[in-house]
Protein chains: 2
Amino acid sequence: MSGDITTSRDADQTRQNILEVALKEFSEYGLTGARVDRIAKGTRTTKGMIYYHFGDKDGLYKAVLEEIYPKLRKSEEKLDKSNLSPIEELEKIIDFTFEYHKNNENFVRMVMIENINNGETLRKTDVDTGVSQNILMELSSILIRGQKEKVFNRNISPIDLHLLYTSFCFYRVSNHHTVSTVLGMNMLSSSNSIRHKRLVKDVIIAYLLSSEP
Amino acid sequence: MSGDITTSRDADQTRQNILEVALKEFSEYGLTGARVDRIAKGTRTTKGMIYYHFGDKDGLYKAVLEEIYPKLRKSEEKLDKSNLSPIEELEKIIDFTFEYHKNNENFVRMVMIENINNGETLRKTDVDTGVSQNILMELSSILIRGQKEKVFNRNISPIDLHLLYTSFCFYRVSNHHTVSTVLGMNMLSSSNSIRHKRLVKDVIIAYLLSSEP
DNA sequence: TTTTACACTAACTAGATAGTCAGTTGATTC
DNA sequence: GAATCAACTGACTATCTAGTTAGTGTAAAA
């Protein structure tokens, strides 16, 4: 019995099970559209446990939200950037960002949903800003190296650089339904994905290589 | 009585009044978060009229959604592009897009909400795709002129070009809550807005001017 | 003037939904 | 092996919410 992975009476496992189901529910239906009863049905446990472990619906939503940013950071940290030129390292980061958004629509949707919620819940969490500090430090070092080597000729802040590629990677996933409808295409088709992945890198590199007019 | 702007027993005026209030409600709370009773309270009329004129909540949501794209198109058409170089014309279009998103957070939020809704409602409307056809034709003509004049050295489709600048203009508004929290800044501050507006144009122009490696 | 039809109101209803609670179970401690 | 306590269940409830309906007011047609 104690070797059984799905043994009950293990609070951590129960919490984790609830969180997994809740992530699906919230990202599919939004904060207000999610149904606690539907989440409960999807778990190995009962609705009472959701309230026992997370207090209320908002508490559960907050717990789900608190998990998604650290997950992104952990993936990001796995990147190996040894012995790369500034351009290569930047391309590797953009590739990662592109793939992560493409493969984690749940993440993208949760972020959208939290923005519809005016970011109120995220502001209440002690969201590990180390997430972004790491990546910003890295972008900063790339920019400095590129400028020292006279490869990059533009002054741009790490934050703006980050916004430039992230906005594209995010938007093509977050808005694929409306864009595909309005423009009569399939934004996430594999041919579009391949071309877009190349495009976002080319555009940013072209900018960094170019000089102020 | 009949000269009174807020005269009742005018179906068109009633519909318009409901639509205005509904846009605010839906864009603030989302499709599932919006409350029909709250909309009714905000109008000059009663809840019964919402059902009388729009059938049900989804019908009202659809009517709101159907209004926002044509509004964007009408604004876009007002742009005067006579006697401009390809670069100037493109800059004018990007400026417009940037300002429209910045000044119409309601529009941005409705699009987000519809994507959370998997674009199901938009697909049911006969959304005037002329909206985008016009702008795509214009981008196409800019690209062709720029290439003929040997100013632009890149092959990019009008759609991809459109996606590039729109994604940035959209994202900085749609995600300003979470980004501002995570990066510890105010994305929509006027100094950021001014810099971003310059940046998105510079990046795209730099790309078009550069040549394939 | 009467009729007709559209525009409208206020009170109502059925069902959904977040949240509660009294009691049970099982592992751990003494 | 009894006591303790965290983990858990299932049935319950108050409230909220989309949607309905019976009937009223008004303007224009007949």
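A, B, ... follow the sequence lines: proteins, then strands. Residue 1 opens every chain.
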Please enumerate all protein N or O atoms sitting under 3.5 Å from an N or O of nucleotides 24-26 of chain C, with distances to 0.1 Å.
unit_1	atom_1	unit_2	atom_2	d
C:dT25	O2	A:R9	NH1	3.0
C:dT25	O2	A:R9	NH2	3.0
C:dG26	O4'	A:R9	NE	3.3

N/O-N/O pairs, protein side and nucleotides 12-14 of chain D side, under 3.5 Å:
none

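Rounded to whole angstrom, the span from the CG atom of B:D37 across to the P atom of D:dT17 amounts to 8 Å. We find that CZ of A:R15 is positioned 15 Å from C1' of D:dC8, with the value rounded to whole Å. We find that CZ of A:F54 is positioned 16 Å from C1' of C:dA18, with the value rounded to whole Å. One can place CD of B:Q13 at 9 Å from P of C:dC8, the figure rounded to the nearest angstrom. A:K41 places its NZ atom 16 Å from the P atom of D:dT9, with the value rounded to the nearest Å. Atom C1' of nucleotide D:dG19 and atom CG of B:L60 are separated by 13 Å, given to the nearest angstrom. Atom CG in B:D12 sits about 12 Å away from atom C1' in C:dA7, given to the nearest Å. For the pair B:M49 CE and C:dA11 P, the computed distance is 16 Å after rounding to whole Å.
Distance from the side chain of A:T14 is smallest for D:dC8 among the nucleotides D:dC8, D:dA18, C:dA18. Listed nucleotides: D:dC8, C:dA7, C:dT9. Nearest to the side chain of B:A11: C:dA7. Distance from the side chain of A:T46 is smallest for D:dG10 among the nucleotides D:dG10, C:dT9, C:dA18. Among the nucleotides C:dT17, C:dG19, D:dT9, the one closest to the side chain of A:R35 is C:dT17. Ranking D:dA18, C:dC6, D:dT9 by closeness to the B:Y52 side chain, first place goes to C:dC6.
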List the steps, then state whether ring-ring contact (aromatic ring centres under 6.0 Å, His included) holds for A:F168 with B:F168.
-> CA-CA 6 Å; A:F168 185 78; B:F168 185 77; over 10 Å; no
Tell me, with the steps shown, if B:F107 and B:Y100 meet ring-ring contact (aromatic ring centres under 6.0 Å, His included).
-> CA-CA 9 Å; B:F107 167 78; B:Y100 193 86; 5.7 Å; yes
Walk me through it: do B:Y171 and A:F170 pass the test ring-ring contact (aromatic ring centres under 6.0 Å, His included)?
-> CA-CA 8 Å; B:Y171 181 86; A:F170 190 98; 5.3 Å; yes
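Each of A:Y51 and B:G48 lies near DNA chain C, and the nucleotide nearest B:G48 is the one positioned closer to the 5' end.
Inter-axis angle, ends of the helix from C:dT1-D:dA30 to C:dC30-D:dG1, five pairs per end, rounded to 10 degrees: 0°.
Partner A:R198 forms a side chain to side chain contact (heavy atoms under 4.5 Å, CB included) with one of A:D202, A:V200, A:I194 and no other, that one being A:D202.
A salt bridge does not link A:E28 to A:R109: none of the charged nitrogens lies less than 4.0 Å from a carboxylate oxygen. Comment: A:E25 does not engage A:R35 in a salt bridge, judged by the lack of any side-chain N to carboxylate O separation of less than 4.0 angstrom. A salt bridge does not link B:R73 to B:E76: none of the charged side-chain nitrogens sits closer than 4.0 Å to a carboxylate oxygen. Salt-bridge annotation for B:K92 and B:E89: absent, with no side-chain N of the basic residue lying under 4.0 Å from a carboxylate O of the acidic one.
Annotation: B:K81, atom NZ; neighbour count of heavy atoms from other residues, nucleotides and ligands within 6.0 Å is above 12.
B:L199 has its side chain within reach of B:V203: a pair of non-hydrogen atoms, C-beta onward, lies under 4.5 Å apart.
Remark: side-chain polar atoms of A:N106 are not paired, donor with acceptor, to backbone N or O of A:S27 under 3.5 angstrom.
Shortest non-hydrogen contact noted between B:L84 and B:R145 is O-NH1, 3.1 Å.
One finds no side-chain N or O of A:T45 lying less than 4.0 angstrom from the OP1 or OP2 phosphate oxygen of D:dA7. The side chain of A:H53 places no N or O atom within less than 4.0 Å of a non-bridging phosphate oxygen (OP1 or OP2) of D:dA6.
Using a 4.0 Å heavy-atom criterion, one finds that B:A40 contacts no nucleic acid atom at all.
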